[in-house]
Colleague: 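Handing you this structure, nothing more for now.
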Amino acid sequence: MTHPAVQVLLARSIRLGADPRNTNYAGGNTSAKGTAEDPVTARPVDLMWVKGSGGDLGTLTEPGLAVLRLDRVRALVDVYLGVDREDEMVPAFDFCAHGRGGAAPSIDTAMHGLVEADHVDHLHPDSGIAIATAAHGEGLTKEIFGDRVLWVPWRRPGFQLGLDIAAVKRANPQAVGVILGGHGITAWGATSEECEANSLDIISTAARYLTERGSAEPFGTVRPGYEPLPEAERRARAAALAPVVRGLASTDRRQVGHFTDSDAVLEFLAREKLPALAALGTSCPDHFLRTKVRPLVLDRPATTPLHEAIARLRELHAAYREDYRAYYERHATPDSPAMRGADPAIVLVPGVGMFSFGANKQTARVAGEFYVNAINVMRGAEAVSTYAPIPESEKFRIEYWSLEEAKLARMPKPKPLAGRVAFVTGAGSGIGRAVAERLAGEGACVVVADRDAAAAATVAAELGNADVALPVTVDVTSTEAVAAAVDAAVLAFGGVDLVVNNAGLSISKPLLETTDADWDLQHDVMAKGSFLVARAAARAMIAQGMGGDIVYIASKNGVFAGPNNVAYGAAKADQAHQVRLLAAELGEHGIKVNGVNPDGVVRGSGIFAGGWGAQRAAVYGVPEEKLGEFYAQRTLLKREVLPEHVAAAVFVLVGADLSHTTGLHIPVDAGVAAAFLR
C-alpha cells in the first residue's frame, strides 16, 4: 500500500512537472519525509522519499523514488570530509537505502535530506533562473522577496550545497525558500500543500517582477536582414539546411535532429545581442548538459544565398570543433573523462530557426526545449540586469563530472538502428507496415509514408509518439508530393538514412485485356514512384555525407514469368534494375542500394486485399482464402511468406552485418526455383 506521504508527493510532483513554467523536462526534484514501520523491527522509522536520478517530475511514479532512512542520511554529516571529497557522498547514499531502496539517489539528495522540512522542492523555472543568473541577482532577490526568499551563491550541486541551504533555513526561520545562484530555486513547507504553494509563489512572483519591471527590448533592436523569413520560405530553407547541419553535428557520432522556429527562437535570432549572449552559453546545469557549453551561430543574414550559407556553416563548424577542444584542454585534469565529442548540440540560423541534436529524437527535442528555456532565462536576466552565467570552468566541472560519466555508463546499450531515420513508402499496411514496425523496434525513427492518411496515422500511433514515428501522406507518383514528404522527414528528424521503396499495387490481366491505364498506373506507382523517392532521399543523404541505405521491395515476378501479369512483372523488373543502376551510381557517397524479392505475401497485404488476391486465385483455380497455402505448396520449403519475413530481410540489409553489400537482391519466396537469380 502506498504511504500517504508518497501519495501527496507524487501528486505534487506531477502537477509541478506538468507546467513548463515550473521546471524543464527531467529537471528538478521533490521529496517528502514521513514515518513508516520497519518490517524487520516492527518499530517506526523516519524515511525520506525523493525523486531519483534521471526521472521526470511530470511523469513520476513510485518506482522513480529513492527511499532512504533519514537518520542515516543526516549521519553522513559526521563523516563528510569537505567539498574536495563530496563526490564520495553519492555512493554513501546507497548505504542509507530502506528496503530495496527504489531508484538511484540523485546528486541533490543531500539538499532534501539535510533541510529541516517535511517537504522540499528543487526546481528550474525560467523566471527563477533569470534572477539566479542576473549580475545583480543577490540584490534582486532581496528587492523582490525581502527576507522570505534568500540568496545562496553558486555552488556545484552536491553535499555541500545541501549543507549551505540547510544552514540558511536554520538561520532564517521565516524563509520559505532560496534562489540558488546560477542554478534555480528550492522551496519547502511543513505540508505538501504549503511546499507547493511556496514554490509556485516564488516562480510567479519572479515572473511578475520580470514582466512589470523589465525592459521592453532586453535583446536589443532587430538587426536588418536577420528578421524571420516568411513561413513557407523559412520552412523550405530549413529543409534544405537540415541534412547539411545534421551531417556536421554527426562528425563524431551519428545524431538525430529536431527543428524549432517558435516565436521565442526567431525573436532571439533577429536581435543585436544574439552573438554576445549565445557566446556566453547557458548556466543552469540541466541546460548546458544537454545543449553543450554554447551553440553554433550562423553569422549571416537570412537572405544569404543557400550555397554561401552552407559554406559558412562548414567553416563555423570547423572553428567550433577547434574551440571546443581548446575548452576541454583548458580545464581537463588527469582524472577527467575523455572528451566526448566536439560537435554542437544547438545550431542557430537567423531568420530560419534552431536545429538541435541528440542520440535519439527525444534527446534532440529536449535539447531544443532546454535552449528555449535558456533564451527565456537570458531575456529575463537582461530585462532587469545583465545576464551573467556561471564561469566556464564551473561548466566544465559539471559537464565532465565523474558522476555524470557514471550516469552515462549506466545507460542501456543502443539498439542496432538507433540514430537512423527510415522513410518507408506504402507503410500503412502489409509489407510496409511490417517493415516500419521492425525498423522502429530496432531503434530507428520511422516516417510512415502512405497515400492513405488514416492508415499512416494509425501505424505511426502504434509505433509510438512523435519521437518515434511520423505519418506523412504522399502520392509517390507526384514529384512535388514526394519532395514535400522528404522535407517533412528532414524537418522532423534532421535527415533521412534509410529508404524502403515498398509502395505498390497490382492488376492481374492477360496481355490483350491490359489497358494503357493499367500499364501506366502500375509503372507510375512502382517504377516512377521508386525513382522519385530514391532521388529525393538520395539528395538528402548526399547532403548529410553519412552514407545511407535504399531498399527496393521488388518481387520474384521481376524474374519469374507468370501468366496474366505483364504490367506488374515489367514494373517489378524495372525496380530490380534500378537497384543495380543506383548501387553503381551512389556507392561513391557511401549509399548502399539493395532489393528484396518476395513471393505471394497474402496475409495482411493491401495489394491482395484490394482485388489482386481474387484475380490470382482465379488464374490458379483455387479459393481466394486458400491462396497463401497454394503459394506455399509450390515452394521448395513449403512455407507461406508473411510480411514480417520481408521485414526481416530489410533489417539484415540495412544492419551492420551487411555493411559492405550493395547491388544485391535477396529472395524471400520460400524457394521458387524458377526465380533463382542468375
Side-chain angles (χ1 to χ4, degrees), residues 226 228-229 233-262 265-266 268-269 274-275 278 290-324 341-361 363-372 419-421 423 445 447 470 486-497 536-548 589-590:
Y226 287 76
L229 296 170
E233 185 179 347
R234 185 170 75 239
R235 304 287 286 189
R237 194 170 179 90
L241 288 172
V244 176
V245 177
R246 182 187 178 216
L248 295 175
S250 299
T251 300
D252 285 325
R253 58 181 61 87
R254 183 183 295 272
Q255 302 283 285
V256 175
H258 179 74
F259 175 68
T260 307
D261 60 349
S262 64
V265 169
L266 293 172
F268 180 58
L269 300 186
L274 166 67
R290 292 165 173 82
T291 65
K292 282 199 141 167
V293 65
R294 60 182 59 90
L296 185 157
V297 183
L298 178 61
D299 55 357
R300 293 291 186 271
T303 54
T304 300
L306 183 64
H307 71 280
E308 292 182 15
I310 290 173
R312 183 56 178 158
L313 280 167
R314 295 190 188 282
E315 293 174 356
L316 291 168
H317 175 253
Y320 185 99
R321 288 177 59 82
E322 291 178 5
D323 290 346
Y324 187 87
D343 297 316
I346 303 292
V347 177
L348 303 176
V349 181
V352 177
M354 171 177 63
F355 299 95
S356 54
F357 298 94
N360 53 51
K361 170 66 175 184
T363 306
R365 174 179 56 77
V366 168
E369 291 172 359
F370 273 83
Y371 201 79
V372 172
R420 303 281 296 277
V421 180
F423 187 98
C445 299
V447 179
L470 171 75
V486 173
D487 282 354
V490 301
L491 288 177
F493 299 117
V496 176
D497 304 304
R539 186 174 289 118
M541 291 180 188
I542 292 169
Q544 288 172 162
M546 297 159 60
H589 302 289

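Side-chain atoms are counted along with the backbone in the values below, which use heavy atoms only and exclude waters and symmetry mates.
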Colleague: For a side-chain contact (heavy atoms from CB on, under 4.5 Å) check, start with the C-alpha distance between Leu348 and Leu274, then their side-chain angles and the critical distance, and finish with the verdict.
Modeller: CA-CA 10 Å; Leu348 303 176; Leu274 166 67; 4.2 Å; yes
Colleague: Report the distance from atom CZ of Phe370 to atom OG1 of Thr291, rounding to the nearest 0.5 Å.
Modeller: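 The distance works out to 9.0 Å.
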Colleague: Can you tell if the side chain of Thr363 reaches within under 4.5 Å of the side chain of Arg290, non-hydrogen atoms only?
Modeller: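 In short, these two side chains do not touch, never coming nearer than 4.5 Å.
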Colleague: If the threshold is 4.0 Å, N to carboxylate O, is there a salt bridge linking Asp261 and Arg237?
Modeller: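 Between Arg237 and Asp261 there is no salt bridge, as every charged N stays at least 4.0 Å from the carboxylate O atoms.
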Colleague: Kindly indicate whether the side chain of Val265, heavy atoms from C-beta on, has any atom under 4.5 Å from the side chain of Val372.
Modeller: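 They are in contact (side-chain heavy atoms under 4.5 Å apart), so the answer is yes.
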Colleague: Applying side-chain contact (heavy atoms from CB on, under 4.5 Å) to Leu269 and Val349, what does each step give before you reach the verdict?
Modeller: CA-CA 7 Å; Leu269 300 186; Val349 181; 5.6 Å; no
Colleague: What I'd like to find out is whether the side chain of Val347 reaches to under 4.5 Å of the side chain of Phe357, using heavy atoms alone.
Modeller: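 They are in side-chain contact.
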Colleague: Taking the side chain as C-beta and beyond, is there a heavy-atom pair between Thr303 and Leu229 under 4.5 Å?
Modeller: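 Yes; the side chains approach each other to less than 4.5 Å.
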Colleague: What distance separates Arg254 CZ from Asn360 CG, expressed to the nearest 0.5 Å?
Modeller: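 The distance works out to 13.5 Å.
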Colleague: Would you indicate whether the side-chain heavy atoms of Met354 and Phe268 approach each other to under 4.5 Å?
Modeller: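 Phe268 vs Met354: side chains apart.
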Colleague: Any idea which heavy atoms bring Ser356 and Ala364 closest together, and the distance?
Modeller: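 Here Ser356 and Ala364 meet closest at OG-O, 2.7 Å.
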Colleague: Restricting to non-hydrogen atoms, name the atom on Asp343 and the atom on Ser250 that form the minimum distance, rounded to 0.1 Å.
Modeller: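 Asp343 and Ser250 have their closest heavy atoms at OD2-C, 3.9 Å.
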Colleague: Any side-chain heavy atom of Arg246 within less than 4.5 Å of one from Met546?
Modeller: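 Yes, their side chains come closer than 4.5 Å.
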Colleague: Would you mind reporting whether Gln544 and Asp497 have side-chain heavy atoms less than 4.5 Å apart?
Modeller: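 Yes, their side chains come closer than 4.5 Å.
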Colleague: Holding to side-chain hydrogen bond (donor to acceptor under 3.5 Å, both in side chains), I want the full list of residues that pass it with Arg420, two or more places apart in sequence or in another chain.
Modeller: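 Applying side-chain hydrogen bond (donor to acceptor under 3.5 Å, both in side chains) to Arg420 gives Asp549.
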Colleague: Taking side chain as C-beta onward, heavy atoms only, is Pro344 less than 4.5 Å from His317?
Modeller: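 Yes - at least one pair of side-chain heavy atoms lies under 4.5 Å apart.
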Colleague: I'd like to know if the side chain of Tyr320 and the backbone of Arg294 have a donor-acceptor N/O pair within less than 3.5 Å.
Modeller: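 Yes: the side chain of Tyr320 pairs with the backbone of Arg294.
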Colleague: According to ring pair (Phe, Tyr, Trp, His ring centres under 6.0 Å), who are the partners of Phe259, at least two apart in sequence or on a separate chain?
Modeller: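 Phe355.
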Colleague: Provide the closest heavy-atom pair for Leu266 versus Val352 in the form atom of the first, atom of the second, distance.
Modeller: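 Smallest interatomic distance, heavy atoms only, reads CD2-O, 3.6 Å.
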Colleague: Taking all heavy atoms of Tyr226 and all of Arg300, pick out the closest pair and write down the distance.
Modeller: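 Reported closest heavy-atom pair: CE2-O, 3.5 Å.
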Colleague: Show me the pairs that pass salt bridge (charged side-chain N to carboxylate O under 4.0 Å, His left out) and involve residues 302-312, at least two apart or across chains.
Modeller: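 Sorted result for residues 302-312: Asp299-Arg312, Arg312-Glu315.
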Colleague: If every non-hydrogen atom of Arg234 is compared with every non-hydrogen atom of Pro228, which pair is closest and at what distance?
Modeller: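 Arg234 and Pro228 have their closest heavy atoms at NH1-CB, 4.3 Å.
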Colleague: Any idea which heavy atoms bring Cys445 and Val256 closest together, and the distance?
Modeller: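 Minimum heavy-atom separation between Cys445 and Val256: SG-CG1, 4.3 Å.
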Colleague: Would Leu241 and Leu313 count as a side-chain contact (heavy atoms from CB on, under 4.5 Å) if you check the C-alpha gap in whole Å, the side-chain angles of each, and the deciding distance to 0.1 Å?
Modeller: CA-CA 10 Å; Leu241 288 172; Leu313 280 167; 4.0 Å; yes
Colleague: Does the pair Arg321/Asp252 count as a salt bridge with the N-to-O cut at 4.0 Å?
Modeller: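 Result for this pair is yes, salt bridge flagged.
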